[in-house]
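Below: one structure, written as structure tokens.
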2 protein chains.
Amino acid sequence: MKILGKNKCSVRDRLLKGASSLFSRKGYAATTVREIVAEAGVTKPVLYYYFKSKEGLYFTLMREGFSKLDELIRSVGGYEGNTREKLHRLCEQTFVLIQENVEIVRVMYSYYYGPRQGAPFFDFDAYHLKFIQTLRGIVAEGVRRKELVDANVEEMSWVILGTITLAMDLYLTHPEWKVDQEKLSRMVKLVLQGIGTIGGGRATNDQ
Amino acid sequence: MKILGKNKCSVRDRLLKGASSLFSRKGYAATTVREIVAEAGVTKPVLYYYFKSKEGLYFTLMREGFSKLDELIRSVGGYEGNTREKLHRLCEQTFVLIQENVEIVRVMYSYYYGPRQGAPFFDFDAYHLKFIQTLRGIVAEGVRRKELVDANVEEMSWVILGTITLAMDLYLTHPEWKVDQEKLSRMVKLVLQGIGTIGGGRATNDQ
DNA sequence: GTCTATATTGAGATAGAC
DNA sequence: GTCTATCTCAATATAGAC
């Protein structure tokens with residue numbers, strides 16, 4: 001492995017960066033190997049040397065992106081504090097991760113919701129499920145500790161998930177609205193405290 | 001216009017139905033006119049007779065789908081009852097609309113988040129914005145009436161929007177979880193009443 | 001090896017008969 | 001309104017000159 005100056009990117013990183021940008025803008029199928037190597041200022045064989053194929057590059061990109069999510073999920077086990085604090089921490093870390101990997105998130109999004117268009121299979125859903133399970137764990141513990149109301153754990157998790165997802169969504173589609181961690185944090189606070197004035201009774205599992 | 005038996009679909013409708021299914025599964029560009037007409041059991045000139053072009057068919061599909069959303073949004077003006085009831089009604093109507101137009105929603109999603117892939121421009125965002133404005137209107141009125149807490153109207157709207165969006169999301173990607181109006185309704189209830197137990201104080205605009 | 005000219009293909013679109 | 005048959009056009013593939 002070559003030693004690099006601190007501000008330089010390795011060729012491998014340049015290829016990954018350029019590819020993620022192209023994939024997110026044009027889609028996997030529409031992005032040619034030519035464009036990727038041109039973006040990185042190298043020639044085709046370099047790409048094949050590092051990644052074996054266009055598919056290999058794609059997998060590397062996704063694997064490296066989602067390994068950070070894995071790390072985040074593992075770190076949840078070590079969270080200290082009450083449920084409120086844990087939820088806020090999870091939301092914050094997740095949002096930071098998203099901000100740092102916008103392009104990979106875009107690729108994931110269009111794969112997840114749109115037609116596959118020749119993109120190799122990648123099990124995004126496994127990560128989605130893992131994330132939901134983690135969230136659910138925090139919520140279930142919160143209910144046991146009586147720090148959350150005794151309602152349906154799954155639905156409570158979904159409400160939190162919806163808030164995170166919407167923040168991500170708006171961040172991607174309306175950057176000019178400047179959705180950031182602070183706003184997400186206030187939104188989570190609203191979910192915890194309720195946006196209705198007292199009078200409707202507290203949420204319970206009575207249906 | 002031909003008179004049809006009550007259980008028969010007109011050719012025009014068959015073309016629209018087949019096209020929306022194909023567009024949602026394969027994407028606009030990857031769907032050929034041949035496939036669309038084959039699906040409807042007619043020949044190409046029929047498509048051109050009704051829609052002038054593939055683009056015309058696409059626009060008709062989107063326009064007809066989103067005109068229902070327009071109708072829904074207009075109907076909000078006539079909502080009766082308190083804010084809680086209005087929000088529940090909006091969520092319910094929106095979810096029903098989504099269920100009845102899954103394929104169009106899918107097409108919209110992949111256009112909105114993915115690369116355009118040759119699909120003609122359609123201003124989905126205008127509808128998105130209109131919807132948010134409507135939601136915001138209900139929330140703002142709720143705050144004035146003191147039926148909602150005096151917090152940031154935009155962020156409160158987003159939390160509700162996030163809940164609807166997540167329900168739609170799960171409905172699209174995990175039909176086996178059977179997210180339905182009842183679940184969405186309970187999720188909205190959770191947002192209104194808060195999932196945290198009392199002790200963290202009510203939400204306000206202190207910040 | 002590279003370049004240019006020429007197939008080939010498959011897409012969207014149309015004319016005119018019925 | 002619907003069909004058969006045909007057109008146009010662009011992208012790609014290939015042949016053959018250089």
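In what follows, chains carry the letters A, B, and so on, assigned in the order in which the sequence lines appear, proteins first and then strands, with residues in each chain numbered from 1. Below, each value reflects all heavy atoms present in this structure, side chains not excepted, and no hydrogens, waters or symmetry copies.
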Could you check which residues of residues 43-59 of chain B get a heavy atom under 4.0 Å from DNA chain D? Sort them by number, please.
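Contacts with DNA chain D under 4.0 Å: B:T43, B:P45, B:V46, B:Y49, B:Y50.
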Expected list for residues 25-36 of chain B near DNA chain D, using heavy atoms below 4.0 Å, is none
Applying side-chain contact (heavy atoms from CB on, under 4.5 Å), can you list everything that pairs with [X], at least two apart in sequence or on another chain?
X      : value
B:K183 : A:E155, A:W158, B:K178, B:D180, B:R186
A:E100 : A:V96
A:A38  : none
A:V102 : A:R106, A:Y171, A:L172

How about CD on B:E80, more than 12 heavy atoms from neighbouring residues, nucleotides or ligands closer than 6.0 Å, or not?
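12 or below, so no.
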Side chain to side chain donor-acceptor pair (under 3.5 Å) filter on B:Y58, not counting sequence neighbours, yields none
Sequence neighbours excluded, the answer for ring-ring contact (aromatic ring centres under 6.0 Å, His included) partners of A:F124 is A:F66, A:Y111, A:F122
Q) Can you pull the side-chain hydrogen bond (donor to acceptor under 3.5 Å, both in side chains) pairs that have at least one residue in residues 16-34 of chain A, sequence neighbours excluded? A)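 Applying side-chain hydrogen bond (donor to acceptor under 3.5 Å, both in side chains) to every pair that reaches into residues 16-34 of chain A, excluding sequence neighbours, yields A:S20-A:E103, A:S21-A:R25, A:K26-A:E35, A:T32-A:E35.
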Which pairs pass side-chain hydrogen bond (donor to acceptor under 3.5 Å, both in side chains) with one or both residues in residues 43-56 of chain A, sequence neighbours excluded?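 Of all non-adjacent pairs touching residues 43-56 of chain A, none passes side-chain hydrogen bond (donor to acceptor under 3.5 Å, both in side chains).
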Under a 4.0 Å heavy-atom criterion, DNA chain C is touched by chain B from C:dA11 to C:dA15
- Message: Tell me every residue that passes salt bridge (Lys or Arg N to Asp or Glu O under 4.0 Å) with B:E141, counting only those two or more places apart in sequence or in another chain.
- Response: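 So B:E141 forms a salt bridge (Lys or Arg N to Asp or Glu O under 4.0 Å) with B:K86, B:R145.
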